[in-house]
Structure formats: structure tokens, C-alpha cells
Amino acid sequence: MLHIVEAGYDNWQFINGNQGDFGEMLCMPSWEEIANLISALDGDQRTMVTFGNESEGFYMCIAGGADNRYIVYLSFDEEEVLYDLLNPEAENAENMVRLVTGGQEGLYPANSCVTYQMAMDAAEYFYHYQEPIPQLTWEKQN
């Protein structure tokens, strides 16, 4: 059985005129610790949370946070298998949305921007079962 053994987050700050990432890694995080990290995502200083097990080759990434928009993906087999969480209620999947993820601004398809609740539901299920929550819509990347 797979186990969650680590979680990491970014924390972008300006110090002496230079921007740097002062995020940290947590060992053996509880669900409550991961939920708190996700809740702290603001699309500015805190823009990404990852958790999983590097030695077993799987993790979840939740990024963004501004305007209740998050990007969520899963990686298995050391990034050989990737799944994106989709928002089937997005008004127009063709529209692009600006989000800051991992400290970098980028454009993402509107249907890949999910709500806080969708991100939390996916994260909690993944934390407990190490697989995509079946009640949500996932797209396997090629």
C-alpha cells in the first residue's frame, strides 16, 4: 500500500529587494496539516502545495488560490502517469485564466481551474486512498 510521507509548500517573500521561496517540507504530515497548507494558498506568497511519496513515485499538486481558482493534478509512476482535475461547470473551456502557480504566472484553460471545495475533496480522498476521487472529473494526460 502507498503512503503519504511528505508535504511541501512554497512561500514567496521579498528580502533585501530579492524574491525567494522560503517554503518548507513536512515529514509524515497529518490530513489537518495538509488541509491547513491548502487553505493558506493565496495565489501570491503561497501558490503551491505538494504531498505524496517521492520514493514511491506519486504525489498530488494543488496550486493557485487567487479568486477561488486552483489547479490540481496527480502524478504516478514518477510522472509517467498524470491526471488533471477538471471543472465540468466551467463556462467556456476555451477561455484561458491567469493564475500564479509555483511562484510563476501562467495561463490555464478555464475547465482546469477548480474551486476550493473541489480541490479539498480531491486532496482529502488522495490523502486517505492515494488515488483520484471517483466523484470528480479527471483527464489523463498523454
Side-chain angles (χ1 to χ4, degrees), residues 1-15 18-142:
M1 179 163 177
L2 304 173
H3 300 284
I4 304 293
V5 299
E6 61 220 353
Y9 65 94
D10 62 357
N11 185 6
W12 298 94
Q13 298 181 22
F14 278 98
I15 296 181
N18 296 313
Q19 185 178 26
D21 179 7
F22 293 89
E24 298 180 10
M25 293 293 292
L26 304 175
C27 293
M28 303 305 289
S30 67
W31 164 242
E32 290 74 22
E33 289 173 310
I34 291 172
N36 287 336
L37 292 176
I38 295 166
S39 294
L41 290 173
D42 61 10
D44 182 32
Q45 285 186 292
R46 300 282 183 96
T47 67
M48 185 178 336
V49 172
T50 60
F51 62 99
N53 187 322
E54 186 176 335
S55 67
E56 292 181 7
F58 73 92
Y59 67 92
M60 174 177 266
C61 177
I62 299 176
D67 299 322
N68 192 35
R69 293 184 178 138
Y70 299 82
I71 300 295
V72 178
Y73 70 88
L74 295 172
S75 171
F76 294 96
D77 297 327
E78 299 179 15
E79 297 191 345
E80 291 294 318
V81 179
L82 296 169
Y83 294 92
D84 293 320
L85 181 58
L86 299 180
N87 184 351
E89 297 177 10
E91 290 181 23
N92 186 347
E94 309 275 323
N95 286 347
M96 300 300 281
V97 176
R98 288 189 191 280
L99 279 180
V100 176
T101 64
Q104 302 286 323
E105 184 178 79
L107 290 173
Y108 296 89
N111 70 335
S112 68
C113 296
V114 302
T115 66
Y116 172 79
Q117 192 59 57
M118 292 171 75
M120 288 297 276
D121 290 347
E124 185 171 17
Y125 191 91
F126 183 75
Y127 179 84
H128 292 293
Y129 303 104
Q130 294 77 57
E131 60 185 49
I133 183 170
Q135 294 87 345
L136 297 177
T137 304
W138 298 89
E139 180 177 73
K140 187 175 180 181
Q141 294 182 16
N142 295 331

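Aromatic ring orientation, F126 versus F76: perpendicular (interplanar angle above 60°, classes split at 30° and 60°).
Environment of CD in Q104: sparse, with no more than 12 heavy atoms of neighbouring residues, nucleotides or ligands closer than 6.0 Å. For E105, the CD atom is densely surrounded, since the number of other residues' heavy atoms within 6.0 Å is greater than 12. Annotation: E33, atom CD; neighbour count of heavy atoms from other residues, nucleotides and ligands within 6.0 Å is above 12.
With hydrogens and angles ignored, the 3.5 Å screen pairs no side-chain donor or acceptor of Q141 with any backbone N or O of Y83. Between the side chain of T47 and the backbone N or O of G102, at least one donor-acceptor pair lies under 3.5 Å.
Contact detail for Q130 and I4: the closest heavy-atom pair is NE2-CG1, 3.7 Å. When all heavy atoms of A7 and F51 are compared, the closest pair comes out as CB-CB, 3.8 Å. Heavy atoms only, all atoms of each residue included: Q45 and Q13 are closest at NE2-CG, 3.6 Å. When all heavy atoms of E139 and L86 are compared, the pair lying nearest together is CB-CD1, 3.6 Å. Residues A123 and I38 approach most closely at CB-CD1, 3.5 Å, considering heavy atoms. Here the closest non-hydrogen pair linking L99 and A66 is CD2-O, 4.2 Å.
The structure places CE of M60 at 10.0 Å from CD1 of I34, a figure rounded to the nearest 0.5 Å. To the nearest 0.5 Å, atoms CG (L136) and CG (N87) are separated by 9.5 Å. In this structure, OH in Y73 is found 8.0 Å from OG1 in T50, a value given to the nearest 0.5 Å. From C61, atom SG reaches atom CG of D84 across 10.5 Å, with rounding to the nearest 0.5 Å. Atom-to-atom distance recorded for D42:CG and N11:CG is 9.0 Å, nearest 0.5 angstrom.
The shortest side-chain heavy-atom distance between L26 and E6 does not fall under the 4.5 Å cut-off. Looking at E24 and Y9, their side chains come closer than 4.5 Å, going by heavy atoms from C-beta outward. Using a 4.5 Å heavy-atom cutoff, the side chains of Y59 and N53 are not in contact. Contact annotation: the side chain of I62 never approaches that of M48 to less than 4.5 Å [non-hydrogen atoms, C-beta and beyond]. Put simply, the side chain of T101 reaches to within 4.5 Å of the side chain of Y108, judged on heavy atoms.
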Scan the side chains in residues 112-122 for donor-acceptor partners under 3.5 Å anywhere in the protein, sequence neighbours excluded, and list what turns up.
residue	atom	partner	partner atom	Å
S112	OG	P109	O	2.8
T115	OG1	M118	N	3.1
Y116	OH	S39	OG	2.7
Q117	NE2	D121	OD1	2.8

Checklist entry - For V5 and M28, what are the C-alpha separation, side-chain angles and deciding distance, and is it a side-chain contact (heavy atoms from CB on, under 4.5 Å)? => result CA-CA 4 Å; V5 299; M28 303 305 289; 3.9 Å; yes
Item to check | Steps toward side-chain contact (heavy atoms from CB on, under 4.5 Å) verdict (I133, W138) | outcome: CA-CA 9 Å; I133 183 170; W138 298 89; 4.0 Å; yes
